[in-house]
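Report on the following structure.
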2 protein chains.
Amino acid sequence: MAQIQTLSKNQKIILDIIEKANEPLKAYSILFNVQKKGIKAPLQVYRALEKLIKLGKIHKVESRNAFVACKNSNCEISKATAFSICETCKKVTEISDQKLSKYLKNFHDKTGMIYKKYNLEFYGLCTTCKRS
Amino acid sequence: MAQIQTLSKNQKIILDIIEKANEPLKAYSILFNVQKKGIKAPLQVYRALEKLIKLGKIHKVESRNAFVACKNSNCEISKATAFSICETCKKVTEISDQKLSKYLKNFHDKTGMIYKKYNLEFYGLCTTCKRS
DNA sequence: TAACGTTTGTTATAATATAACATTTTGAAG
DNA sequence: CTTCAAAATGTTATATTATAACAAACGTTA
């Protein structure tokens, strides 16, 4: 809550739109939505997005080039994200599974590489689309 | 081996370049590389890439918009991919870890969604960059 | 050969993202 | 309160990534 105060004008406007959407938004669709509020250029949107990602307020769904609000207070500043994506209805949901995140946080391979961050995207059929 | 025979001319050319590269290649850098071989348009490259992905010969590294040859005979036709990405030197390696892939293949969340596919990207520091 | 799916070739354009530069706002330190 | 630096803004231009739409050729296999 205190942190929201530190957001700038553009950042607030754009976070607000992303939070109110019930689906990931594309940068240019955000741009279209905020033009009435005086944000005219792509770069203004991309800059706000970049900052919001750094703050962990939003995530980028990489395989969709879309941006979604973080529903998980435990994302640890955008370091660890997992999504489920329905290939039929395109619905994207942030997965919040303690076991999964613990498993991945502790994962290390043979090479000895240090992992600071990950992004996981599952694709499949959601329960609604499964039925039909 | 038998399968490689069924690849078309463009598909072979493009797979060959991706396999010989020791890093993920961007579509337009592939395009640049094959122009001497008569492939002139982006669409020719993208079409071949799409097919090669379907066949599991290559993968797309989503967060990089780049394409890399599959080093894993057990990717099951591109259904399950995991990469490690060094944020310093940008090196991308396909992770081949039985336990990890088994864990993710069997993962299911509360929603009951069926997962047919996933893509996981770890970001961090590789051993070489760690030292310096 | 006829019919079909796949691949190719081509032009044009859509969609996504960043470079470069000038200016303004903000917040903390003196 | 002023000054300074960091952050944010505004703007134009351009780079990068990807697909639409259409016509033609190829390769099976009936």
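In what follows, every chain begins at residue 1, and chains take the letters A, B, ... in the order their sequences are listed. What you see below is based on every heavy atom in this structure, not just the backbone, and it leaves out hydrogens, waters and symmetry mates.
Note: B:Phe107 and A:Phe122 meet the aromatic proximity criterion, with ring centroids under 6.0 Å apart. Side-chain rings of B:Tyr103 and A:Tyr103 approach one another, their centers coming within less than 6.0 Å.
OP1 or OP2 of D:dT17 has not a single side-chain nitrogen or oxygen of A:Asn65 nearer than 4.0 Å. For C:dT25, neither phosphate oxygen OP1 nor OP2 lies less than 4.0 angstrom from any side-chain nitrogen or oxygen of A:Ser8. Checking the phosphate oxygens (OP1, OP2) of D:dG10, a side-chain nitrogen or oxygen of A:Asn10 falls inside 4.0 Å. The shortest distance between the side-chain N/O atoms of B:Lys40 and the OP1/OP2 oxygens of C:dG9 is not below 4.0 Å.
Both B:Lys26 and A:Leu43 lie close to DNA chain D; mapped to their nearest nucleotides by heavy-atom distance, the more 5′-ward contact belongs to A:Leu43. Take the nearest nucleotide of DNA chain D for A:Lys51 and for B:Pro42: the residue whose nucleotide is more 5' is A:Lys51.
Following rounding to the nearest Å, B:Lys9 (NZ) and C:dT7 (P) show an atom-to-atom distance of 13 Å. As rounded to whole Å, 14 Å separates atom P of D:dT17 from atom CD of A:Glu62. Whole-Å rounding puts the A:Ile14 CD1 to D:dA8 P distance at 12 Å. The distance between atom CZ of A:Arg64 and atom C1' of C:dA17, rounded to the nearest whole Å, is 19 Å. A straight line from NZ of B:Lys12 to C1' of D:dC26 spans 14 Å, rounded to a whole angstrom. Whole-Å rounding puts the B:Leu31 CG to C:dT11 C1' distance at 15 Å.
Each of C:dT8, C:dT16, D:dG10 was ranked by its minimum atom distance to the side chain of A:Arg47; first place goes to D:dG10.
Aromatic ring orientation, B:Phe83 versus B:His59: perpendicular (interplanar angle above 60°, classes split at 30° and 60°).
For B:Tyr28 and D:dA15, a side-chain-to-base donor-acceptor distance below 3.5 Å is absent, hydrogens and geometry of angles not being considered.
Counting any heavy atom pair closer than 4.0 Å across all strands shown, B:Gln44 reaches a base atom.
More than 12 heavy atoms of other residues, nucleotides or ligands shown are found within 6.0 angstrom of NZ on B:Lys130.
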Intermediate values then yes/no, salt bridge (Lys or Arg N to Asp or Glu O under 4.0 Å), A:Asp16 and A:Lys12: CA-CA 6 Å; A:Asp16 190 54; A:Lys12 268 182 233 167; over 6 Å; no
